[in-house]
Amino acid sequence: NELLARARTQIRKRRYTDHLRDNVQHSIEAAITDALTGLHNRRYMETHLTTLAEQAGSRGKPLALMVLDIDFFKSINDTYGHDAGDDVLREFAVRIRKCIRGIDLACRYGGEEFVIVMPETDLNVAGMVAERLRRAIAADPFTVDKGTKRIDVTISIGIATLDNKGEPISDVMKRADQALYRAKRDGRNRVVLAAA
């Protein structure tokens, strides 16, 4: 009887420990992941962007940074409702993952704005990837409202690269953001490369 009681106690302790470990793992993932899209969140990006930039600089490799924005996203929410907007964001994240490499860092920056960090990628290659992504979004309408409606969605993309060793990554981000605003100002649904 005592052996049985001790075995039960040890099994209960093990299950409790496993449960605690799973909770900690889940909490860590929740802290770095956007709950809606499953992509990394802004906090994760900001903590890793400097490291990626330093690695690129020390290896003498380029680093491309894309800022993406869903065109007229507010009108999607206003016309079809926030649930439809959430459907678009989820599908958008799936399409991003299909168009980038495993080493690329895709993050939801906020609202309908996303950032993709592409190590060892120059401006020309980043431009080709961005164009492929832009076409993948525009070519196939997004399904919303449990498959009852289809919405045409387009995106605007701004790209900048870390070319100068020691350049602050915040400057690269600003240049990519300015390129995004040029894409929006020039008619949306386009890719704009930032001048160095």
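Keep in mind that the numbers below use all heavy atoms, side chains included, and drop hydrogens, waters and symmetry copies. Numbers here are sequence positions counted from 1.
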Test: [X] and [Y] ion pair at under 4.0 Å:
X	Y	value
D71	K184	yes
R43	E46	no
D78	K74	yes
D186	R182	no
D87	R90	yes

Could you tell me whether the side chain of [Y] reaches within less than 4.5 Å of the side chain of [X], counting heavy atoms only?
X	Y	answer
V67	I157	no
M173	D177	no
V153	I70	yes
M66	V191	no
F92	I155	yes
M45	N41	no
P141	D152	yes
L180	S156	yes

Smallest separation among heavy atoms of [X] and [Y], with atom names:
X	Y	value
A56	L63	CB-CB, 4.0 Å
G85	N77	CA-OD1, 3.3 Å
L193	G127	CD2-CA, 4.0 Å
A194	A160	CB-CB, 3.9 Å
L39	A106	CB-O, 3.7 Å

What's the verdict on side chain to side chain contact (heavy atoms under 4.5 Å, CB included) for I11 and R15, showing C-alpha distance, side-chain angles and the deciding distance? CA-CA 6 Å; I11 291 169; R15 286 183 181 153; 3.7 Å; yes
With sequence neighbours left out, which residue pairs that include part of residues 108-123 fulfil the salt bridge (Lys or Arg N to Asp or Glu O under 4.0 Å) condition?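 Passing the test, one end in residues 108-123: D34-R108.
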Residues pairing under salt bridge (Lys or Arg N to Asp or Glu O under 4.0 Å) where one sits in residues 16-25, two or more places apart or in two chains, turn out to be R14-D18, D18-R21
When clusters are formed by joining ILVMFWY residues with side-chain heavy atoms under 4.5 Å apart, either directly or through shared neighbours, do [X] and [Y] land in the same one?
X	Y	value
L52	I96	no
I137	L36	yes
Y80	F72	no
Y109	L89	no
Y44	V117	yes

Surrounding CZ of R101 (heavy atoms of other residues, nucleotides or ligands, distance under 6.0 Å), is the total greater than 12? yes
**Q.** L20 CG: over 12 foreign heavy atoms closer than 6.0 Å
**A.** yes
[atom1] of [X] to [atom2] of [Y]: how many Å apart, nearest 0.5 Å?
X	Y	atom1	atom2	answer
R188	T154	CZ	OG1	8.0 Å
R132	K98	CZ	NZ	13.0 Å
H48	H40	NE2	NE2	8.0 Å
D104	T121	CG	OG1	5.5 Å
E131	C99	CD	SG	11.0 Å
I159	L123	CD1	CG	6.5 Å

>> Between T79 (side chain only) and I76 (backbone N and O only), is there a donor and an acceptor less than 3.5 Å apart?
In response: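 Not a single qualifying donor-acceptor pair exists.
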Q | T33 (side chain) donor-acceptor with A35 (main chain) under 3.5 angstrom | A |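 Side chain of T33 to backbone of A35, a donor-acceptor pair under 3.5 Å: no, none is there.
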* Quick one: do N189 and R134 satisfy side chain to side chain contact (heavy atoms under 4.5 Å, CB included)? Show the steps, please. => CA-CA 7 Å; N189 191 23; R134 187 198 64 75; 2.9 Å; yes
With L49 as partner, the option from L105, V115, L65 fulfilling side chain to side chain contact (heavy atoms under 4.5 Å, CB included) is L65
For the residue pair R150 and F142, would you count it as a cation-pi contact if the rule is NZ or CZ under 6.0 angstrom from the ring centre and within 45 degrees of the ring axis?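 Judged by the rule, R150 and F142 form no cation-pi pair.
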Going through the distances and angles, do V129 and I116 end up as a side chain to side chain contact (heavy atoms under 4.5 Å, CB included)? CA-CA 11 Å; V129 172; I116 299 174; over 6 Å; no
Discussion item. For a side chain to side chain contact (heavy atoms under 4.5 Å, CB included) check, start with the C-alpha distance between M118 and I103, then their side-chain angles and the critical distance, and finish with the verdict.
Written reply: CA-CA 7 Å; M118 303 178 75; I103 64 167; over 6 Å; no
Quick one: do E54 and R59 satisfy salt bridge (charged side-chain N to carboxylate O under 4.0 Å, His left out)? Show the steps, please.
CA-CA 9 Å; E54 287 170 359; R59 294 177 184 157; over 6 Å; no
